[in-house]
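These notes are about the structure you will find just below.
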Number of protein chains: 2
Amino acid sequence: MVVVKMTEGVEWALHCCLDLAWAGDTPVPAARLAAHHGLPPAYLTKQLQALGRAGIVRSTPGPRGGYLLDRPPHTVTLMDVVAAVDGADPAFRCTEIRAGGPHTTRCAIDTAMARADLAWRRELAARTLADLDADVRRADPDAPAATRARLT
Amino acid sequence: MVVVKMTEGVEWALHCCLDLAWAGDTPVPAARLAAHHGLPPAYLTKQLQALGRAGIVRSTPGPRGGYLLDRPPHTVTLMDVVAAVDGADPAFRCTEIRAGGPHTTRCAIDTAMARADLAWRRELAARTLADLDADVRRADPDAPAATRARLT
DNA sequence: TAAATCTGGATATTTGATGTCCAGGATTCG
DNA sequence: CGAATCCTGGACATCAAATATCCAGATTTA
Ligand code: SF4
Ligand code: SF4
C-alpha cells in the first residue's frame with residue numbers, strides 16, 4: 001500500500017529544471033549539468049530523458065547541443081516534475097488484505113489514504129518553477145546569473 | 001530526498017488496530033490476527049511491537065493473552081499509526097547537492113517539499129480510528145460484530 | 001567525414017523493505 | 001511446581017526497487 005514515493009531523481013530533476021530555466025535558450029549538455037551537481041552523468045541522463053518524454057524539457061543532439069527547458073517556468077508545476085520522474089502511478093496500490101475483513105464495497109482505510117495523497121499532490125501542483133526561481137532570487141539575487149555563467 | 005514513504009506494514013497495522021477496537025477488552029494473539037488476514041505471523045509481530053512501543057497497543061503474555069487497543073479509538077490518528085510503524089522520520093532527507101548550486105541560507109525546493117509533506121501529515125492527523133470505524137459501519141453495520149466473533 | 005551529443009536498452013550494484021528464526025521471559029492454568 | 005501459551009528482541013535471509021554503469025545506435029554541427 002505504498003502511497004507516496006519520491007526518489008532522489010526528483011530532486012536532481014528539479015535542480016536541473018531550474019538550471020535550464022536560468023540558462024535560457026542556450027542548450028546545456030547533460031554532462032555539464034551532472035558535473036555541476038557532482039552527479040553520475042549516466043544516471044542523470046535517465047531523469048532528463050524522462051523530463052523530455054513529459055514535454056518539460058527538449059533536447060538537441062550534436063555539438064553545441066544539449067537540453068533546454070521547453071515550457072515557460074510558470075507553467076511547470078512541481079507535480080509535473082514528480083510525475084515525469086517517478087511516474088504518475090495510480091496514487092496507491094492496495095495489498096488487498098481482503099480475507100474476511102470488513103470489505104463490502106468500499107474501504108475506509110483506502111479513501112483516507114487517497115485523501116492524504118491528494119492533499120500532497122495538490123500542494124505540489126500549486127507551485128511552479130517560477131515560484132522556486134522567485135524564492136531563490138529573494139535569498140540570493142546573483143545566484144541565477146552565476147549558475148548561468150557556469151553552465152553556458 | 002525521499003519525502004514520504006509508506007510501507008505495507010502501515011496497512012496491516014491499521015487493519016489490526018480496527019480489529020482490536022472491535023475485539024474490545026478481549027486480548028487477541030498476534031497469530032490469530034495474522035491468520036485472519038493471511039499474513040506472515042512472524043512479520044506482523046514486528047508491526048504490533050512497534051504499535052506497542054508507541055503506546056497505541058498493549059500486550060499481555062501467557063495463555064489467553066494477546067494484544068489490546070490501549071487508547072480510545074477516537075484518540076488514535078492515522079498519523080499516529082504511520083509514525084509508529086514507519087517511524088516519524090525527519091520529514092525528508094535532502095541529498096545536499098550543494099556543489100555550486102543556488103544555496104545561500106535556505107532552499108526553495110526544500111521548503112516546497114516540506115510544505116507538501118506537511119499537507120499529507122495534516123490530512124492523516126485529521127482522521128482517527130473512530131472515523132474509520134464509523135465509515136465501515138455505514139457501509140456494513142454487521143462487519144465489526146462479525147470480525148469480533150471471528151477473533152475472540 | 002569527424003566530433004559531440006542524445007536515445008534507449010541491457011545489466012550490475014546498493015539499499016531498504018519484507019520475511020524468517022530462535023533464545024529468552026512472562027503469565028496462566030492444572 | 002510444571003507445562004503450555006504468548007510476547008520480546010535481536011540476528012539473519014530474501015526480495016524488490018532505486019541507483020548506477022555501459023554500450024551500440026542515431027542525429028546534428030562543423
Ligand atoms: S481494507 Fe481492503 S481496500 Fe482497504 S487497505 Fe485494507 S485491503 Fe486495501
Ligand atoms: S537545493 Fe539544496 S537543500 Fe534544496 S533540495 Fe537541493 S540540495 Fe537539498
Side-chain angles (χ1 to χ4, degrees), chain A residues 1-13 16 20 23 26-35 37-68 70 82 85-87 89 92-93 95 97 151-152, chain B residues 1-13 16 20 23 26-35 37-68 70 82 85-87 89 92-93 95 97 151-152:
Chain A
M1 195 225 248
V2 178
V3 173
V4 179
K5 72 172 177 183
M6 174 134 169
T7 64
E8 296 194 4
V10 172
E11 181 180 0
W12 303 356
C16 288
L20 292 178
T26 310
V28 182
R32 200 168 315 162
L33 281 172
H37 292 296
L39 297 176
Y43 189 37
L44 179 60
T45 277
K46 294 226 174 303
Q47 324 295 146
L48 289 171
Q49 287 180 9
L51 289 175
R53 276 188 289 272
I56 296 172
V57 135
R58 181 163 37 97
S59 66
T60 60
R64 203 58 203 156
Y67 288 92
L68 288 166
D70 199 24
V82 170
V85 173
D86 278 354
D89 278 316
F92 67 127
R93 19 172 210 179
T95 323
I97 307 192
L151 287 176
T152 60
Chain B
M1 194 226 248
V2 178
V3 173
V4 180
K5 73 171 176 188
M6 175 133 168
T7 65
E8 297 194 3
V10 171
E11 181 180 0
W12 303 356
C16 289
L20 293 178
T26 309
V28 182
R32 201 167 315 162
L33 281 171
H37 292 294
L39 297 176
Y43 189 37
L44 180 61
T45 278
K46 293 220 176 307
Q47 325 295 146
L48 290 171
Q49 286 179 10
L51 289 175
R53 276 188 289 273
I56 296 172
V57 133
R58 181 164 37 98
S59 66
T60 60
R64 204 58 204 155
Y67 287 91
L68 289 166
D70 198 24
V82 170
V85 172
D86 277 354
D89 277 316
F92 69 125
R93 19 171 213 179
T95 322
I97 308 193
L151 287 175
T152 59

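Naming convention: chains lettered A, B, ... in sequence-line order (proteins, then strands); numbering from 1 in each chain.
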If you measure from [atom1] on [X] to [atom2] on [Y], what distance do you get to the nearest 0.5 Å?
X        : Y        : atom1 : atom2 : result
Leu44(A) : Cys16(A) : CG    : SG    : 4.5 Å
Lys46(A) : Leu51(A) : NZ    : CG    : 13.5 Å
Gln47(B) : Leu39(B) : CD    : CG    : 9.5 Å

Assert: residue with more 5' nearest nucleotide on DNA chain C, out of Asp86(B) and Arg32(A), is Arg32(A)
Heavy-atom pair of closest approach, residues Ala34(A) and Pro40(A):
CB-C, 4.5 Å
For the student: nearest non-hydrogen atoms of Val85(A) and Gly9(A), plus distance
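Shortest heavy-atom separation between Val85(A) and Gly9(A) comes out as CG1-C, 3.8 Å.
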Start with the C-alpha distance between Leu68(B) and Leu20(B), add both sets of side-chain angles, then the distance that settles side chain to side chain contact (heavy atoms under 4.5 Å, CB included), and finish with yes or no.
CA-CA 6 Å; Leu68(B) 289 166; Leu20(B) 293 178; over 6 Å; no
Let me know the distance between [atom1] of [X] and [atom2] of [N], rounded to the nearest Å.
X        : N       : atom1 : atom2 : result
Met6(A)  : dA18(D) : CE    : P     : 13 Å
Leu68(A) : dT5(C)  : CG    : P     : 13 Å
Leu44(B) : dT20(C) : CG    : C1'   : 14 Å
Tyr67(A) : dA4(C)  : OH    : C1'   : 13 Å
Gln47(A) : dA18(D) : CD    : P     : 11 Å
Glu8(A)  : dA17(D) : CD    : C1'   : 13 Å
Arg58(B) : dT8(D)  : CZ    : C1'   : 17 Å

Base contacts versus sugar-phosphate-only contacts with protein, heavy atoms under 4.0 Å: please encode nucleotides 24-29 of chain C as B, S and - from 5' to 3'.
--BBB-
At a heavy-atom distance below 4.0 Å, what parts of residues 48-56 of chain B sit against DNA chain C?
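The stretch gives none, as no residue of it lies under 4.0 Å from the strand.
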How would you list all residue pairs meeting ring pair (Phe, Tyr, Trp, His ring centres under 6.0 Å) that involve residues 38-61 of chain B, not counting sequence neighbours?
Trp12(B)-Tyr43(B)
Might you list the N or O atoms of the protein lying below 3.5 Å from N or O atoms in nucleotides 9-14 of chain C, with each pair's distance?
unit_1	atom_1	unit_2	atom_2	d
dG9(C)	O6	Lys46(A)	NZ	3.0

What's the closest nucleotide to the side chain of Pro29(A) if the choices are dT19(D), dC6(C), dT8(D)?
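Closest of the options to the side chain of Pro29(A): dC6(C).
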Which of dT5(C), dT8(D), dA20(D) is nearest the side chain of Thr45(B)? It is dT8(D)
Just checking Ala30(A): base, sugar-phosphate only, or nothing, at a heavy-atom cut-off of under 4.0 Å?
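Touches sugar-phosphate only.
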Taking Asp86(B) for its side chain and Val10(B) for its backbone only, find out whether a donor-acceptor pair lies under 3.5 Å.
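No, the answer is negative, given that no donor and acceptor are paired below the 3.5 Å cut-off.
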Phosphate OP1/OP2 of dT18(C): any Tyr43(B) side-chain N/O under 4.0 Å:
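So the side-chain polar atoms of Tyr43(B) do come within 4.0 Å of the phosphate oxygens OP1 or OP2 of dT18(C), strictly under.
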Side-chain donor/acceptor pairs under 3.5 Å, residues 52-67 of chain B, sequence neighbours excluded:
unit_1	atom_1	unit_2	atom_2	d
Arg58(B)	NE	Asp70(B)	OD1	2.9
Thr60(B)	OG1	Gly66(B)	N	3.4

